[in-house]
Amino acid sequence: MNIEEIIVELVLGIFCIFLSYQIGVKENITLIHSYHYTNLDPKDKTAFTKRMGIGTFIVGLGTFLIPVLNLLTQSELGYFVGLCSITFGAFLLIVFIIKYNGTLFSFKKK
């Protein structure tokens, strides 16, 4: 791993964790593409943003852990753990969008 890769992965991980805080805790839904919540019932906004924050946090944590684990273990363990975490987080995001929006992409209200 070179230093540029380490810095980029750490910064991206911290940025995703910050986004997860803004979305999940502060309920800043505008950070999510509008076509992912066009059909969202207003009463579900809190649950939706909380779950989207959790999914984003898992993605950010996985990104952050890649260089940390690689440096600590002197192996490729970080790539395995990080990519599993990123994949699982992305899967959760897709599931939550479909559950609350009805579809992954929607452009008109029902």
Side-chain angles (χ1 to χ4, degrees):
M1 283 187 93
N2 56 25
I3 191 71
E4 293 88 5
E5 182 181 353
I6 293 169
I7 292 171
V8 167
E9 289 168 349
L10 289 174
V11 169
L12 283 174
I14 292 169
F15 180 69
C16 284
I17 291 169
F18 172 75
L19 282 179
S20 73
Y21 172 76
Q22 289 294 315
I23 294 168
V25 176
K26 297 286 190 172
E27 295 182 14
N28 191 352
I29 198 166
T30 59
L31 294 173
I32 305 168
H33 288 289
S34 62
Y35 52 77
H36 289 314
Y37 62 88
T38 301
N39 298 323
L40 179 68
D41 190 350
K43 68 179 181 179
D44 290 334
K45 180 186 174 203
T46 301
F48 177 69
T49 54
K50 182 178 179 181
R51 288 185 171 102
M52 291 297 288
I54 291 169
T56 307
F57 179 79
I58 293 171
V59 170
L61 186 63
T63 306
F64 184 82
L65 285 177
I66 291 172
V68 172
L69 289 176
N70 282 348
L71 290 172
L72 289 176
T73 63
Q74 296 297 316
S75 68
E76 304 295 314
L77 178 66
Y79 292 117
F80 177 74
V81 171
L83 291 177
C84 288
S85 177
I86 291 168
T87 303
F88 180 65
F91 173 76
L92 287 178
L93 290 171
I94 292 169
V95 167
F96 296 148
I97 290 169
I98 292 172
K99 177 181 179 183
Y100 287 98
N101 192 41
T103 180
L104 191 57
F105 302 104
S106 59
F107 300 100
K108 293 182 181 180
K109 289 246 185 215
K110 289 181 181 177

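Along the sequence shown, residues are numbered consecutively beginning with 1. Quick note: numbers below take in every heavy atom, side chains included, and nothing from hydrogens, waters or symmetry partners.
A parallel orientation is assigned to the rings of Y35 and H33, their planes being inclined by less than 30° (bins at 30° and 60°).
No donor-acceptor distance shorter than 3.5 angstrom exists from the side chain of S34 to the backbone of T30, with no hydrogens or angles considered. T56 places a side-chain N or O within 3.5 Å of a backbone atom of M52 that can act as its donor or acceptor partner.
Transitive grouping of hydrophobic side chains (ILVMFWY, heavy atoms separated by less than 4.5 Å) brings Y100 and L104 into a common cluster. Residues Y21 and F48 are members of separate hydrophobic clusters, defined by side-chain heavy-atom contacts under 4.5 angstrom among Ile, Leu, Val, Met, Phe, Trp and Tyr. Both L19 and L92 are assigned to one and the same hydrophobic cluster, defined by single-linkage of ILVMFWY side chains at heavy-atom distances under 4.5 Å. Under a hydrophobic-cluster definition in which Ile, Leu, Val, Met, Phe, Trp and Tyr are linked whenever side-chain heavy atoms come within less than 4.5 Å, directly or via other members, V11 and L31 are assigned to different clusters. Note on L61 and V8: separate hydrophobic clusters, where clusters join Ile, Leu, Val, Met, Phe, Trp and Tyr whose side-chain heavy atoms are under 4.5 Å apart, directly or indirectly.
Nearest heavy atoms, S75 versus T73: OG-OG1, 2.8 Å. The minimum heavy-atom distance between Q74 and L71, with the atom names listed, is NE2-O, 2.8 Å. Heavy-atom minimum distance, Y79 versus E9: CE2-OE2, 4.3 Å. Here the closest non-hydrogen pair linking N70 and L77 is OD1-N, 3.6 Å. Between G60 and C16, the closest heavy-atom pair is CA-CB, 3.4 Å. Looking at every heavy atom in both residues, S106 comes nearest to N101 through OG-ND2, 3.0 Å.
Looking at heavy atoms from C-beta onward, T63 lies out of side-chain contact with I17 at the 4.5 angstrom threshold. Residues I97 and I32 form no side-chain contact, since every pair of their non-hydrogen atoms from C-beta on lies 4.5 Å or further apart.
Not counting sequence neighbours, D44 has no partner by the side-chain hydrogen bond (donor to acceptor under 3.5 Å, both in side chains) test. In this structure, S20 has no side-chain hydrogen bond (donor to acceptor under 3.5 Å, both in side chains) partners at least two apart in sequence or on a different chain.
Going from atom CZ of F96 over to atom NZ of K50 covers 10.5 Å, rounded to the nearest 0.5 Å. Summarising the geometry, atom CD1 belonging to I94 is positioned 16.0 Å from atom NZ belonging to K99; distances are rounded to the nearest 0.5 Å. One finds the CD1 atom of I23 at 12.0 Å from the CD1 atom of I54 (value rounded to the nearest 0.5 Å). In this structure, CG in L10 is found 15.0 Å from CZ in F15, a value given to the nearest 0.5 Å.
Between F64 and the options L69, V59, I14, a side-chain contact (heavy atoms from CB on, under 4.5 Å) holds for only I14.
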